[in-house]
Amino acid sequence: MGRDTIADIITYIRNADMDKKGTVRIPSTNITENIVKILLREGFIENVRKHQENNKDFLVLTLRHRRTRKRAYRNILKRISRPGLRIYSNSQRIPRISGGIGVVILSTSRGIMTDREARLERIGGEILFYIW
């Protein structure tokens with residue numbers, strides 16, 4: 001049985017968010033680095049740094065906090081395509097989450113990108129997860 005690295009990332013972030021942690025450490029792979037870059041660019045996480053421990057690379061994510069309170073934003077992450085059931089979409093049928101407020105992360109032939117980027121480039125792909 002293989003591991004689902006994308007579901008692991010989502011679970012790490014969701015658990016840290018529910019436990020009101022400021023940072024979360026995830027294993028570093030090419031897929032996780034690309035997803036974290038998108039989450040950083042879209043403003044769902046505040047900061048990312050690389051950390052190496054026992055010849056293994058990790059990414060340390062700083063979750064975004066409100067300015068007045070010391071708790072993280074409530075991010076809702078939902079895994080869509082999974083190893084047992086892959087979900088694909090063309091560029092015209094990529095769903096809009098919360099009227100465009102949420103972000104759909106896709107794996108396309110040109111790499112991992114958001115729904116807005118995929119619509120602009122008119123390419124579809126595998127819908128990895130939603131975040132809003």
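Positions are given from 1 along the sequence.
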Quick check: do [X] and [Y] have side-chain heavy atoms less than 4.5 Å from each other?
X	Y	value
S107	Y88	no
N15	D19	no
R25	E53	yes
R41	T114	yes
I105	I112	yes
I13	F44	no

side-chain contact (heavy atoms from CB on, under 4.5 Å), that's the test. Do R64 and I45 meet it? Break it down for me. CA-CA 5 Å; R64 187 172 164 207; I45 56 177; 5.9 Å; no
Transitively linked via ILVMFWY side-chain contacts under 4.5 Å: V48 with I31?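 Yes, V48 and I31 fall within the same hydrophobic cluster.
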Linking I/L/V/M/F/W/Y whenever any side-chain heavy atoms sit under 4.5 Å apart, do F58 and L61 land together?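 No, because F58 and L61 fall into different hydrophobic clusters, even though each may have its own neighbours under 4.5 Å.
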Could you tell me whether D8 and R3 make a salt bridge, using a distance below 4.0 angstrom between a side-chain N and a carboxylate O?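 Salt bridge: yes.
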Quick one: closest heavy-atom pair of [X] and [Y], and the distance?
X	Y	answer
M113	I38	CA-CD1, 3.7 Å
S91	A118	CB-O, 4.3 Å
Y12	P27	CE1-CD, 3.6 Å
I6	F129	CG2-CD2, 3.9 Å
D115	P95	OD2-O, 3.9 Å

Would you check if the side chain of [X] reaches a backbone N or O of [Y] as a donor-acceptor pair within less than 3.5 Å?
X	Y	value
R116	G100	yes
S98	I101	no
R49	L59	no
N34	N30	yes

To the closest 0.5 Å, what do you measure between [atom1] ([X]) and [atom2] ([Y])?
X	Y	atom1	atom2	value
E33	K50	CD	NZ	4.0 Å
L40	N47	CG	CG	7.0 Å
R14	I131	CZ	CD1	10.0 Å
T32	I9	OG1	CD1	5.0 Å
R122	N90	CZ	CG	11.5 Å
E121	T108	CD	OG1	7.0 Å

With distance as the sole criterion, is a donor-acceptor pair present between the side chains of T62 and E46 under 3.5 Å?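 No donor-acceptor contact under 3.5 Å links the two side chains.
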Taking transitive links into account, so neighbours of neighbours count too, which hydrophobic residues share a cluster with W132 at under 4.5 Å side-chain distance?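 Once heavy-atom contacts under 4.5 Å are chained together, W132 belongs with I76, I80, L85, I87, I94, I97, V104, L106, I127, Y130.
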Go through the steps to decide whether R82 and E126 satisfy the test salt bridge (Lys or Arg N to Asp or Glu O under 4.0 Å), and finish with yes or no. CA-CA 10 Å; R82 50 193 171 89; E126 181 183 355; over 6 Å; no
Option from I35, V36, T5 for which side-chain contact (heavy atoms from CB on, under 4.5 Å) with I26 holds: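 Option passing the side-chain contact (heavy atoms from CB on, under 4.5 Å) with I26: V36.
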Going through the distances and angles, do H51 and D57 end up as a side-chain contact (heavy atoms from CB on, under 4.5 Å)? CA-CA 6 Å; H51 178 69; D57 291 329; over 6 Å; no
